[in-house]
Structure formats: structure tokens, C-alpha cells
Amino acid sequence: MLHSVETNLEELQKNIREVCENIDRSPAEIKIIAVTKYVSNDRAEEAVQSGVKHLGENRDDGLLKKWELLSDKAIWHFIGTLQTKKVKKIIDKVDYIHSLDRESLAEEIHKRSDKPVKCFIQVNISGEDSKHGLSKEKVMGFVYMLENHSRIQVVGLMTMAPHTEDETVIRQCFRELKSLQVQIQHLNLPYAPCKELSMGMSNDYRIAIEEGATFIRIGSALVGNEQ
């Protein structure tokens, strides 16, 4: 049975407050993205009506359908793998792209957008074959390369931790992303302020917040799964 989004949101916010109290962070630093990949337009609308400000979609068709219904009522995040050929479909509808991981995609975003696009560089910290993203060793070179793409603003880094019960492994993954983010921030590049960390999902967002997450991507624990 699906609980109301409002009920789930209250529980999520309570958990975030508890984590933040323990580590002396402000809950205001944490932005919740409702991941609506597995739910209907109606459920996404319920999320917005419950006070969720950020919606995230993994697929272009899902984003377009929900955007048609809710366009200016939400801040839109594209969080899935983005095919170069799909950029033109979504570029004027999203506020953030979380999956920038190759030069061809950067070129297409730069070409198709008429304004700066807030992007997270996706990093495959765990090195798993099943995950997209740059290896951590390639991130700095990629950042420097982006200097030539004036319509891309690197607002932060994104990663997904391994799906494991081992909290030590998860924490190390998030910690390494934080370390990379700090390195980039210290470069003081105008096109790469890199102040944000997009990490943590329904199963590991508490650890992510403890390690510095500013955006958490929550699906099942917030909007559920209707499929």
C-alpha cells in the first residue's frame, strides 16, 4: 500500500533533521529531489502539492510527460543517463542535469542551450561496470576541458554508491566524491563553482548527508513505486 507523499515527506524531513542535528548541519542545506521514474503523473503532482519542490526523471519521455502537466510548478532535474541525441528534447525544460560524463554530451548541451545549464559531473567512484560516469582519475581533466563550453556550469558532482549493506563501502564512496568536490572548488574556476554534491538515495541518504550531500535523490521512500 502506498502511503501519501505528504506522510512520507514528513518522515523523510524528520530523519534529515535528526541526521543534521548529530553532525551540526542545517537541514536547509539538504534539497530533496523526488525521483518519479516509477510513478504516474498524478503521483508526481501529489508530490508537488505536498511541498516537494524538486522533481527528478531518469528518462526523457517521462520528464516530458510530467513537465507538460507541472512545468513551472517544480524545479526539474534530469538524473539518468542522457543520450546525446535526446538533449534537444529536454534542454529547455530542465534546471539541472546530473549525468554529464563525456565531451560529446557537453558539446551537445552547449550547442542546444541558449543559457547556462547547471550540470553535475557524474563520477563512477565505485568503478562498477554497471554504472555510468567518469573514473575519479579523469574528473580533473574533464573539468579543465569544459572551459571551452561556456553554457555549461559545473555546479557539483554526482555519484551512486554500490548497492550493499556494507556501510563502510558506501561511506567511502561518498567521502571520495566530497574530496574531489573540494579539490575542484579550490580551483576557483568561474564556470565550475562545484559547491553541490548529488548523492544518496532511499537506502543510503543518511550516510550521504553525513558525508556532505546537498541534493539527495529519493524515489521509493518518498513517492513509492507504482510499477
Side-chain angles (χ1 to χ4, degrees), residues 16 19-20 23-33 53-54 56 75-82 84 87 90-92 94-127 131-161 170-201 204-205 207-217:
I16 290 170
V19 174
C20 287
I23 58 171
D24 201 24
R25 285 188 74 184
S26 166
E29 295 175 23
I30 317 299
K31 297 177 179 67
I32 299 165
I33 303 170
K53 294 181 173 65
H54 299 263
I75 297 166
W76 294 90
H77 298 253
F78 192 88
I79 59 175
T81 301
L82 181 55
T84 308
V87 170
I90 61 123
I91 196 66
D92 61 340
V94 295
D95 300 283
Y96 293 86
I97 293 173
H98 288 241
S99 47
L100 178 58
D101 63 354
R102 59 198 188 279
E103 188 172 1
S104 59
L105 180 56
E107 288 173 354
E108 191 68 11
I109 292 169
H110 175 77
K111 183 170 84 174
R112 297 288 180 183
S113 180
D114 56 6
K115 64 182 191 302
V117 182
K118 295 173 183 173
C119 294
F120 289 85
I121 295 174
Q122 183 170 353
V123 188
N124 185 0
I125 290 279
S126 64
K131 287 186 168 59
H132 291 269
L134 291 164
S135 67
K136 59 187 176 185
E137 293 80 14
K138 292 182 178 177
V139 171
M140 298 303 281
F142 188 72
V143 170
Y144 284 122
M145 179 275 299
L146 290 171
E147 184 177 11
N148 302 320
H149 301 73
S150 58
R151 285 190 280 281
I152 288 179
Q153 185 182 41
V154 180
V155 295
L157 304 179
M158 182 273 251
T159 200
M160 288 179 279
I170 295 170
R171 191 175 299 280
Q172 182 63 24
C173 182
F174 293 152
R175 196 164 283 177
E176 288 185 29
L177 194 74
K178 174 66 180 177
S179 175
L180 261 180
Q181 179 238 336
V182 170
Q183 288 177 50
I184 297 167
Q185 214 177 346
H186 284 167
L187 297 174
N188 291 316
L189 300 172
Y191 63 91
C194 206
K195 294 179 179 177
E196 310 293 350
L197 281 176
S198 170
M199 59 189 197
M201 300 191 288
D204 57 16
Y205 69 85
I207 302 171
I209 292 169
E210 288 172 353
E211 296 303 331
T214 58
F215 285 86
I216 55 175
R217 310 180 304 271

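Both backbone and side-chain heavy atoms feed into the values below; hydrogens, waters and symmetry mates do not.
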Quiz item: Okay, side chain of N124, backbone of K131: is any donor-acceptor separation there less than 3.5 Å?
Solution: yes
To the nearest 0.5 Å, tell me how far [X] [atom1] sits from [Y] [atom2].
| X | Y | atom1 | atom2 | value |
| --- | --- | --- | --- | --- |
| R102 | F142 | CZ | CZ | 9.0 Å |
| S198 | K31 | OG | NZ | 11.5 Å |
| M140 | L134 | CE | CG | 12.5 Å |
| F78 | L100 | CZ | CG | 12.5 Å |
| I152 | K118 | CD1 | NZ | 14.5 Å |
| I109 | R151 | CD1 | CZ | 11.5 Å |

If every non-hydrogen atom of [X] is compared with every non-hydrogen atom of [Y], which pair is closest and at what distance?
| X | Y | answer |
| --- | --- | --- |
| R217 | T159 | NH2-O, 3.1 Å |
| K136 | L180 | CB-CD1, 3.8 Å |
| I23 | E210 | CD1-CA, 3.7 Å |
| I30 | C20 | CG1-SG, 4.1 Å |
| S126 | C173 | N-SG, 4.5 Å |
| I79 | M158 | O-CE, 3.8 Å |

Quiz prompt | Residue pairs involving residues 107-117 (criterion side chain to side chain donor-acceptor pair (under 3.5 Å); sequence neighbours excluded) | solution = E108-R112
4.5 Å side-chain heavy-atom contact, [X] and [Y]:
| X | Y | result |
| --- | --- | --- |
| V139 | I184 | yes |
| T81 | S99 | no |
| R175 | I207 | no |
| I170 | E211 | no |
| I33 | H98 | yes |
| Y205 | V19 | no |
| V154 | L189 | no |
| I90 | L82 | yes |

Quiz item: Which residues pass the ring-ring contact (aromatic ring centres under 6.0 Å, His included) test with F215, sequence neighbours left out?
Solution: H54, H77, Y96, F120
Quiz prompt | Residues L146, I121; criterion side chain to side chain contact (heavy atoms under 4.5 Å, CB included); working and verdict | solution = CA-CA 11 Å; L146 290 171; I121 295 174; 4.1 Å; yes
Practice problem: Would you mind telling me which of D204, I125, I209 makes a side-chain contact (heavy atoms from CB on, under 4.5 Å) with F174? | Solution: D204
Exercise. With sequence neighbours excluded, tell me which residues meet side chain to side chain contact (heavy atoms under 4.5 Å, CB included) with Q181.
Key: L157, K178, Q185, C194, L197
